[in-house]
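Structure record follows, encoded as structure tokens.
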Amino acid sequence: MTESETRTVLLRGGEVHSPADPFATAMVVERGHVAWVGSEGAADAFATGVDEVVDLDGALVTPAFTDAHVHTTATGLALTGLDLSGARSLRDALGRVRAHATAHPGVRILLGHGWDSARWPERRAPSRAELDEATGGRPLYLTRIDVHSAVATTALLDLVPGVTSLTGYDQEGPLTAAAHHAVRAAAHAAVSPHQRAEAQRAARHHAASLGIGTLHECAGPDISDEDDFTALLALAAGEPGPRVHGYWAEAITDGKGAARVRDLGAAGAAGDLFVDGSLGSHTAHLREPYADAPHTGTAHLDAAAVAAHVTACTEAGLQAGFHAIGDAAVGAVVDGVRAAAERLGLARVRAARHRVEHAEMLIPETIAAFAELGLTASVQPAFDAAWGGEDGMYAERLGIERARTLNPYAALLRAGVPLAFGSDSPVTPLDPWGTVRAAAFHRTPAHRISVRAAFTAHTRGGWRVLGRDDAGTLVPGAPADYAVWRTGALVVQAPDDRVSRWSTDPRSGTPGLPDLTPGGPLPECLRTVVAGQTVFVGPKE
């Protein structure tokens with residue numbers, strides 16, 4: 001332990017969000033763990049026996065957030081490189097590409113992220129000819145916001161032999177499937193170890209500045225590479241910052257495969273193990289055709305492949321997981337996990353806490369199956385905020401009626417399905433309070449959940465899916481992962497009047513949280529602490 005981790009610290013004079021004492025104003029941290037929470041009066045007994053006393057000056061202390069789905073290096077590259085998520089039109093995007101290319105004349109392969117033609121008046125992706133002109137003929141790899149398709153210049157395609165014969169190749173349009181993966185590998189190969197480390201540091205620092213104490217890195221052979229994955233885990237283990245738990249999305253069929261995944265340092269053979277693609281790229285696998293395309297998307301794994309993976313992982317004591325968005329893909333996951341449970345026993349499969357990323361298109365039967373099989377829904381409420389509503393991308397792809405069924409968080413909670421919230425950054429930004437707000441004020445009112453439930457999914461939820469039930473909350477014995485916030489009055493915020501008035505009354509003893517009503521300011525992070533060690537201090541601290 002470092003000196004800061006072994007010091008005993010008393011925080012007092014604020015609001016401590018703890019189920020151990022809903023009216024707590026003070027907390028003692030000792031040897032990297034919470035030692036005590038309680039009242040201001042009782043804090044006097046500790047004041048002379050600690051190494052440091054921190055006056056919170058009315059600030060709020062909460063558990064640090066866990067972002068359960070992140071692509072760390074890609075997030076850092078977006079933070080430090082060409083980010084088109086703010087481009088308002090195709091013309092604007094091409095202008096940003098041109099300016100970036102001019103500003104980086106020595107970069108061998110230009111990388112960018114975040115274009116979303118669904119938001120542009122032109123309603124189309126950049127053409128290869130337009131990008132060739134904007135870059136002056138240099139290699140460029142530019143991912144769509146969902147990272148399931150990309151556009152590339154001719155110079156980059158020339159570096160990938162045989163790309164024109166691969167599935168997903170398009171002469172002018174975005175690349176998908178195998179063609180996209182091949183071009184992505186060529187582009188990422190140009191990132192030096194130094195660039196990669198700086199991007200990872202930038203992403204972890206940004207996460208810490210937002211009160212995030214833990215990241216779930218979702219890597220895999222179709223996303224990054226083993227060197228990127230192991231380098232990130234090593235960097236996180238050796239430098240202060242948010243914890244990183246890595247998932248490696250590689251299908252396995254036996255104990256040898258499970259051992260290889262474990263040897264990489266992975267917490268599981270899970271994350272973005274693709275059963276399908278994304279709605280924005282028309283590659284999510286649907287039961288019925290898209291409203292704006294005459295097909296049902298792309299299936300990468302069927303129920304038999306899911307069953308083989310879950311069986312091998314469960315037998316090896318390894319967590320399994322899948323990326324599944326469309327209703328056909330989610331159905332394949334459920335059918336496969338159920339087949340594994342029939343072979344190995346339901347209790348054994350449930351105990352493994354297997355997870356499903358995104359899980360957007362759910363019906364009552366699949367929600368019930370998630371609960372039965374003990375599957376955690378690792379979901380991203382910012383997707384609904386970005387693409388939901390009757391005028392959003394979901395409605396364009398699926399039609400309004402099907403779009404209204406997406407991301408049914410309230411139904412998942414009612415069924416007893418564990419939720420873990422994340423961002424899928426850089427698909428949507430790291431923004432924990434914004435994520436909690438998006439779930440509590442879902443664009444479809446029937447899917448809204450309370451701020452308290454959403455906050456729990458973004459703190460304890462990420463720890464529980466790792467198999468840790470003793471973390472993500474400020475109670476004695478828990479890891480001292482916490483954040484200090486400047487915020488307004490605390491409230492108990494329910495999604496609507498169906499929640500009883502007593503639960504929102506101060507006398508109920510329910511700990512309050514910031515008012516997240518849309519339009520209001522979000523809390524400002526003053527300090528983030530991981531295992532008792534300060535990893536971020538805001539400029540106003």
Min side-chain heavy-atom separation [X]-[Y] under 4.5 Å:
X	Y	value
Pro174	Arg144	no
Leu279	Tyr290	yes
Tyr169	Val160	no
Gln200	Glu239	no

Taking all atoms of both residues into account, what is the closest heavy-atom pair of [X] and [Y], and its distance?
X	Y	result
Ala371	Ala415	CB-O, 3.3 Å
Ala249	Pro221	O-CD, 3.3 Å
Pro240	Val535	C-CG1, 4.2 Å
Ala420	Ala68	CB-CB, 3.9 Å
Asn407	His442	O-NE2, 3.0 Å

Under the side-chain contact (heavy atoms from CB on, under 4.5 Å) rule, what do Leu142 and Leu84 come out as? Steps first, then yes or no, please. CA-CA 9 Å; Leu142 200 58; Leu84 296 184; 3.6 Å; yes
Sub-6.0 Å ring centroid separation between Phe455 and Phe65: yes
Should the heavy atoms of other residues, nucleotides or ligands under 6.0 Å from [atom1] of [X] be counted, would the total exceed 12?
X	atom1	result
His295	NE2	yes
Arg196	CZ	yes
Asp469	CG	yes

When the ring planes of [X] and [Y] are compared, do they come out parallel, tilted or perpendicular, using 30° and 60° as the limits?
X	Y	value
His216	Tyr247	tilted
His358	His69	tilted
Trp248	Phe229	tilted

Would you mind checking if [Y] and [X] are paired as a salt bridge, meaning a charged N to carboxylate O distance below 4.0 Å?
X	Y	result
Arg243	Asp481	yes
Arg350	Glu372	no
Arg260	Glu226	yes

Spatial distance of atom [atom1] ([X]) from atom [atom2] ([Y]) [nearest 0.5 Å]:
X	Y	atom1	atom2	value
Cys218	Asp272	SG	CG	5.5 Å
Gln171	Ser127	CD	OG	11.0 Å
Arg343	Glu315	CZ	CD	5.0 Å

Cation-pi check for Tyr394 against Arg443: NZ or CZ below 6.0 Å from the six-membered ring centre and within 45 degrees of the axis, yes or no? no
Looking only at the side chains, is there a donor atom on one of Thr176 and His282 sitting less than 3.5 Å from an acceptor on the other? no
I would like to know whether His71 and His113 meet ring-ring contact (aromatic ring centres under 6.0 Å, His included); could you show each step before the answer? CA-CA 12 Å; His71 305 286; His113 167 73; 9.6 Å; no
